[in-house]
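Let me begin by presenting the structure, written as structure tokens, before commenting on it.
Here is the naming used below: chain letters follow the sequence lines, and residue numbers restart at 1 for every chain.
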Number of protein chains: 2
Amino acid sequence: MYDVAERSGVSIATVSRVYRSPDTVREQTRQRVLEAARELGYVPSGNARGLASRSTGVLGLCFPDYSDPDAESEAESTAGEDIDDAAMLYSDQIIRGMERAARRHGYALLIAASLKGGPESLVAKVAGRVDGFAVLARTVATEELEVISRRQPVVMLAGPRESDDLDHLDHIEVANADGQRELTRHLIEDHGLRRLAYIGSAEESPDVAARFRGYVEACRAAGLPAPDEPDLRVGMMTQAEGAQAADALLERSGPRPDALLFANDQMAVGALHTLERRGVRVPRDIAVTGFDGIALSRIVRPALTTVRQPMRRMGEEAVELLVRRLTGRQDSEPVSMMLPVSVARRSSCGCGD
Amino acid sequence: MYDVAERSGVSIATVSRVYRSPDTVREQTRQRVLEAARELGYVPSGNARGLASRSTGVLGLCFPDYSDPDAESEAESTAGEDIDDAAMLYSDQIIRGMERAARRHGYALLIAASLKGGPESLVAKVAGRVDGFAVLARTVATEELEVISRRQPVVMLAGPRESDDLDHLDHIEVANADGQRELTRHLIEDHGLRRLAYIGSAEESPDVAARFRGYVEACRAAGLPAPDEPDLRVGMMTQAEGAQAADALLERSGPRPDALLFANDQMAVGALHTLERRGVRVPRDIAVTGFDGIALSRIVRPALTTVRQPMRRMGEEAVELLVRRLTGRQDSEPVSMMLPVSVARRSSCGCGD
DNA sequence: GTGAAAGCGCTAACAA
DNA sequence: TTGTTAGCGCTTTCAC
């Protein structure tokens, strides 16, 4: 910048003005500066700018390393096949939504996933480079978030506020219970299924817990016994775990369930594989459902009946919330919104394709 | 930082060390600093850090505002329907690939799309905040790129180097000509189609030009007349334009073509709609093909035969290239790679589903 | 319309 | 192991 100033015979202040508010600089001066900049290959430093002006024009997103090893390898091993984008997950949809919305407001988007065994704080890295950011639930330690959120707007995505320390954060969740309740009702009332089995996860994320709650409510409403616990809990909610779960459930003594309700799509897909291998026909012999509505759910055969989460919309709303905080008065009350979901009735429950 | 230093009774240098290289600080001191930081709600400024250390730990991606209004509205109007992620485009796959690879190397990813009538330079904004970045061809003015690339690694994506000014950039393209040639050959030899019509674009991007070239080569190789020009050129390669193109082509006098080869999937999908409306059966009456392999191409009925571009891989390779430049000696020769494509034979050309 | 000067919050030698 | 001291490249008053 000093070089540009010198070369064009002005002060650095003027160079700065040329980039910030071109109209406050005389046309002729501006041209001279711009030309010098070009000749010297000058690119304004976003860092210095941010440092001096205390704002970056960037919003952020932190998400966990959700990647399902199975989905990944499946996509890669069949390179050139169609499965590729089936691996499209949650986070991709959220990114999509945030990017669109951020763009509309003139912001860029910084995205970062926590590395598997990531040592140093991911959030901190992001937080230090953005004006505000969204966090997918359970990506970061509550305590750390609490500290950061004192300095800049943070919105929590998916899953209720984790703790009371964080109840000043804006927050967007999805109607998990509603969705699972409606899906369960559909299975019971519309398909007449009675022996349902629910597969949840060992580590009770609030979302997963809410889904189970919806399931229980639907059972109760239909006059079926309302279980206290999922029929099975798995570790990571991956395809592999889903496949194992299906195996385990089928080998249990007693009557075979006529529906397997999984807490997410990936597990359900894994189960579909297992069932096919065992010669159990879906939905004829047994119905299978998931939750999320990832792209893969539509691609598998039979297509998976599931509950679609509006992840893209969630990303958009997150940006709106952030922008509001960034431009408005900070003191306003924390916002908490719950996005509606919809049941996608597809083949795996017995509905047409 | 000064406050933290004061509160924990150390110098700012020590505070800095606690975050950069914790092991070089005595355990006890570190704890004291960390606690003070927590109490004060201290979050290191990425900007200041980047400024002082001349590196950001962030890679970037600039892409054009490719969004197809049709696809967008289609997805939104049917909220809750399955079409949603069908709108997944190019850029999303590239983002995906880059994010994964960047994560592996410890970088975050900054993404920004050029706004429709964007006034001020997008690239500059990104460039100033990252250590290196990738640009989707035709997103930015050549001249600007030339200036920026003197300061930091830039890799060009999709499409040959735009000009000689940019031939020092690393560069990744896909085998457009090969793919279109093979697809055309398939139509001619395997399906015995002879009256082909090619729909290109008015603004000749190098990629689109290469596809047409492949088409011409295949025609010539098969002994068919080799056209100088596409049978039709549209403006924006959107669904709407594709639909119009199909209409226009069907209404031309002379024998109806038995195959419509579009330069991208979106146009082909638009054409599929038109054909259905007009009662022309695909592939029975006429074959239709696209190019890209976007998710939508598999979802439409009949499923679209197309050429799949390895966009995700392109994103990964871009990061590898950037990281190499960033860590290695800068002087090495510019790299230029061409990624292979594959033909996805689906229903719309007469192949099974 | 333009310039001078004082930071913005951190890292990176170099000392101690 | 810890402290001191320069900047990093820009924005921002406040003069002129």
Side-chain angles (χ1 to χ4, degrees), chain A residues 1-34 36-37 40-58 120-121 124-131 147-148 150-152, chain B residues 1-34 36-37 40-58 120-121 124-131 147-148 150-152:
Chain A
M1 185 160 163
Y2 281 84
D3 296 343
V4 173
E6 185 173 358
R7 185 170 190 121
S8 50
V10 299
S11 72
I12 60 165
T14 299
V15 176
S16 175
R17 287 194 189 92
V18 167
Y19 288 92
R20 270 182 304 112
S21 40
D23 346 301
T24 69
V25 177
R26 200 198 310 155
E27 169 67 23
Q28 183 189 341
T29 317
R30 197 195 329 165
Q31 291 308 335
R32 238 181 325 131
V33 171
L34 253 17
L40 291 162
Y42 167 71
V43 181
S45 155
N47 282 326
R49 230 165 167 150
L51 183 54
S53 66
R54 306 131 179 300
S55 89
T56 63
V58 179
E120 42 139 11
S121 161
K125 186 175 173 182
V126 171
R129 312 203 137 282
V130 302
D131 292 340
V147 170
I148 293 176
R150 301 214 293 257
R151 299 281 180 175
Q152 63 182 293
Chain B
M1 184 158 162
Y2 282 84
D3 297 343
V4 174
E6 186 174 357
R7 187 174 190 114
S8 51
V10 299
S11 72
I12 60 165
T14 298
V15 176
S16 176
R17 286 194 191 93
V18 167
Y19 288 92
R20 273 182 303 113
S21 40
D23 345 301
T24 68
V25 178
R26 200 198 312 154
E27 170 68 24
Q28 182 190 341
T29 318
R30 199 194 328 165
Q31 292 308 336
R32 230 172 340 123
V33 171
L34 253 16
L40 263 31
Y42 167 71
V43 181
S45 154
N47 282 325
R49 230 166 169 152
L51 183 54
S53 65
R54 305 132 177 301
S55 89
T56 62
V58 179
E120 43 141 9
S121 164
K125 185 174 174 182
V126 171
R129 314 204 137 279
V130 302
D131 293 339
V147 170
I148 294 175
R150 301 213 293 257
R151 301 279 181 175
Q152 64 181 294

Between [atom2] of [N] and [atom1] of [X], the distance in whole Å:
{"X": "Tyr19(B)", "N": "dA12(C)", "atom1": "OH", "atom2": "C1'", "result": "19 Å"}
{"X": "Ile12(A)", "N": "dG3(C)", "atom1": "CD1", "atom2": "C1'", "result": "9 Å"}
{"X": "Asn47(A)", "N": "dC8(C)", "atom1": "CG", "atom2": "C1'", "result": "12 Å"}
{"X": "Met1(B)", "N": "dT2(D)", "atom1": "CE", "atom2": "P", "result": "14 Å"}
{"X": "Glu6(B)", "N": "dC10(C)", "atom1": "CD", "atom2": "P", "result": "15 Å"}
{"X": "Lys125(B)", "N": "dC10(D)", "atom1": "NZ", "atom2": "C1'", "result": "16 Å"}
{"X": "Arg17(B)", "N": "dT5(D)", "atom1": "CZ", "atom2": "P", "result": "14 Å"}
{"X": "Tyr2(A)", "N": "dA4(C)", "atom1": "OH", "atom2": "P", "result": "11 Å"}

> Base, sugar-phosphate, or nothing: which does Val25(B) touch, judged by heavy atoms less than 4.0 Å apart?
Replying inline: sugar-phosphate

> Contact class for Val15(B) vs. all strands (heavy atom < 4.0 Å): base, sugar-phosphate, or nothing?
Replying inline: nothing

> Roughly how far apart are Arg129(A) CZ and Arg129(B) CZ, rounded to 0.5 Å?
Replying inline: 7.5 Å

>> As an exercise, state the distance from OG1 of Thr14(B) to CZ of Arg30(B), rounded to the nearest 0.5 Å.
In response: 12.5 Å

> If you pin Tyr42(A) and Ala13(B) to their nearest nucleotides in DNA chain D, which one's is more 5'?
Replying inline: Ala13(B)

> Between Ser53(A) and Arg30(B), who's closer to the 5' end of DNA chain D by nearest nucleotide?
Replying inline: Arg30(B)

>> Atom CD of residue position Glu6(B) - does it have more than 12 heavy atoms of other residues, nucleotides or ligands inside 6.0 Å?
In response: no

Does a nitrogen or oxygen in the side chain of [X] sit under 4.0 Å from OP1 or OP2 of [N]?
{"X": "Thr14(A)", "N": "dT2(C)", "value": "no"}
{"X": "Ser16(A)", "N": "dC10(D)", "value": "no"}
{"X": "Arg54(B)", "N": "dC10(C)", "value": "no"}
{"X": "Arg20(B)", "N": "dA12(C)", "value": "yes"}
{"X": "Ser11(A)", "N": "dA4(C)", "value": "no"}
{"X": "Arg26(B)", "N": "dT1(D)", "value": "no"}

>> If I compare all heavy atoms of Ser8(B) with all of Val4(B), which pair ends up nearest, and what's the gap?
In response: OG-O, 2.6 Å

> Would you call Tyr19(B) and Leu34(B) a side-chain contact if the rule is heavy atoms closer than 4.5 Å?
Replying inline: yes

>> With nearest nucleotide decided by heavy atoms, which residue, Asp23(A) or Leu51(B), maps closer to the 5′ end of DNA chain C?
In response: Asp23(A)

> Taking for each residue the nucleotide of DNA chain C with the nearest heavy atom, is it Gly50(B) or Ala52(A) whose nucleotide lies nearer the 5' end?
Replying inline: Ala52(A)

